[in-house]
Chemist: 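Mind having a look at this structure? Questions to follow.
Sequence positions, counted from 1, serve as the residue numbers for this chain. Everything quoted here is computed from the prediction, not taken from an experiment.
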Amino acid sequence: MTHDPISNPSDWPKAGPIDLERHDRPHASASLEWWYVNAHLETNEGTPYAVFAAFFRSLRKAEHAADEPSHFHALTYRLVNLETREAVTCSLLEDTVMAEMRHRLATARDMPFMKRALLEQLDLGQIPAPDRLLKTRPTLPMDRLALDMDGQRFEKLADGRYRLDLSEAARDFRLVLDFKLEIPVVRHGDDGVVRGVGAEEMFYYFCPRCEVHGTLGSNGEYELRGKGWYDHEFGSVPEARRNEAEQAKVGWNWIAAQLDTGWQISAYDLFDLRSSEKSVGHWLIAIDPDGKHHALSEFSLTPEAFWMSTRTFTRWPTRWRLQIPALELNLVAEARVPSDEFQTLLAPPAFWEGRVDLTGTQGNSALAGRGYVERNGLGVQTDIGGFLSDVGKETREQLRALLSVEPNEANAVRLVSRAGYAQPLDAQDLARLGGTLVAPVRHVVELGGKAWRS
């Protein structure tokens with residue numbers, strides 16, 4: 001059997017280049033592993049797209065002491081047309097998720113009503129949309145990187161390129177992309193090591209600059225080109241601390257930035273959600289235009305604007321400020337599609353991941369670029385009272401925007417008119433109109449309590 005470097009963290013590569021032929025492939029004894037790509041693309045006609053895809057495998061909890069170790073597999077991806085904001089979203093989970101979710105729900109203390117509803121659905125052999133169950137067992141050979149989950153594939157080709165092949169016949173959709181690494185992979189975290197809140201130790205490397213070519217359409221009708229990103233992370237939890245890890249609750253912010261000046265930046269901040277969101281891991285890796293990488297722990301990634309989901313009533317950041325004093329770098333990352341929430345049982349109720357446009361300065365020089373941001377676990381309500389409170393707050397915010405007690409002419413026309421017909425308002429007192437038509441409705445809704453019922 002080929003030596004599996006994950007069997008002991010002391011066997012992880014300590015210095016020098018990483019052997020991709022050895023480390024890209026699945027690791028037999030990893031309790032958690034994933035492969036991830038994102039890309040910023042354009043068609044020949046100039047239509048912009050953004051995509052991310054992540055293939056997961058994680059060790060299942062054995063129901064009986066004599067059971068052989070086995071893994072649970074999953075895939076998430078989203079392709080977004082950045083002009084129309086139309087998206088193709090997919091979340092595929094192995095059917096073993098049923099037993100895994102029952103185990104998690106059995107020990108969960110939060111959201112008792114949601115817990116009961118989920119258990120009822122699992123007992124019927126169903127999972128909540130948009131998640132879907134894999135129809136066949138995943139194929140993951142251990143001697144090379146060639147992942148296949150219901151025909152959704154990620155593999156390493158003989159020439160060193162990484163091919164992503166995603167398709168859905170029901171939606172007449174197929175995306176095929178080849179990622180060619182333009183620079184050597186870089187270690188993230190503490191010289192490649194990420195230590196999680198649940199006693200796990202992960203080895204994490206990435207390539208922040210890939211040339212990407214491919215096609216979109218069931219018959220490859222549209223050619224795509226652009227820049228991409230490749231991540232691979234794998235690791236395990238010491239057996240003596242497995243129970244502690246299972247009880248851990250973790251959240252994180254992560255950014256992958258590609259700047260037009262040639263700088264590439266990746267940063268993450270891990271939080272222990274059991275300890276008032278205490279940061280437990282905080283690393284930034286910056287690669288300069290000459291290929292030299294800088295590992296830094298002094299930086300800030302701060303939310304500045306938010307969007308409230310009306311599906312999960314989670315308040316997601318949509319504008320971030322990244323400040324790196326050692327590099328004199330001050331960046332603003334603005335979400336291109338604020339509603340890029342991804343609902344899945346993998347990170348209930350959802351995580352946020354989307355394309356961001358970058359602007360800012362480095363020293364006295366202006367710069368721009370593009371990137372991806374991911375946020376998981378933070379700001380999510382875990383009790384029914386807080387959830388309903390957020391529903392009420394958002395209902396009132398939406399109504400204030402929709403029904404102004406001091407309407408301008410455009411708002412007033414919408415109040416008294418219909419599509420295709422413009423009612424002249426020259427002789428109307430707009431303040432009286434707002435007081436007569438809008439104020440009573442707003443008064444009823446804003447009396448307090450369960451405003452969302454109104």
Chemist: The test is ring pair (Phe, Tyr, Trp, His ring centres under 6.0 Å); show your working for Y36 and W254 and say whether it passes.
Modeler: CA-CA 13 Å; Y36 167 92; W254 174 83; 5.4 Å; yes

Chemist: Do E21 and R144 come within less than 4.5 Å of each other through their side chains, counting heavy atoms only?
Modeler: no

Chemist: Determine whether the side chains of N330 and T361 contain a donor N or O and an acceptor N or O closer than 3.5 Å.
Modeler: no

Chemist: To the nearest 0.5 Å, what is the distance between CG (L216) and OG1 (T47)?
Modeler: 9.5 Å

Chemist: Taking the inter-plane angle between the rings of H188 and F206 on a 0 to 90° scale, is it parallel (under 30°), tilted (30 to 60°) or perpendicular (over 60°)?
Modeler: tilted

Chemist: Report the C-alpha distance between L166 and L79 in whole Å, list the side-chain angles of each, state the deciding distance to 0.1 Å, and finish with yes or no for side chain to side chain contact (heavy atoms under 4.5 Å, CB included).
Modeler: CA-CA 10 Å; L166 308 172; L79 173 74; over 6 Å; no

Chemist: Might you work through the side-chain hydrogen bond (donor to acceptor under 3.5 Å, both in side chains) test for T312 and E341, ending with a clear yes or no?
Modeler: CA-CA 9 Å; T312 65; E341 178 184 66; 2.5 Å; yes

Chemist: Do other residues, nucleotides or ligands put more than 12 heavy atoms under 6.0 Å from the CD atom of Q126?
Modeler: yes

Chemist: Give a yes-or-no answer on whether the side chains of E33 and H232 include a donor-acceptor pair shorter than 3.5 Å.
Modeler: yes

Chemist: Would you say CZ of R311 has more than 12 non-hydrogen atoms from neighbouring residues, nucleotides or ligands within 6.0 angstrom?
Modeler: no

Chemist: In the structure I gave you, are the side-chain heavy atoms of V194 and Y268 within less than 4.5 Å of one another anywhere?
Modeler: yes

Chemist: With respect to L75, which candidate in L346, D150, L92 satisfies the side chain to side chain contact (heavy atoms under 4.5 Å, CB included) definition?
Modeler: L92

Chemist: Is the distance between the ring centroids of F55 and H73 under 6.0 Å?
Modeler: no

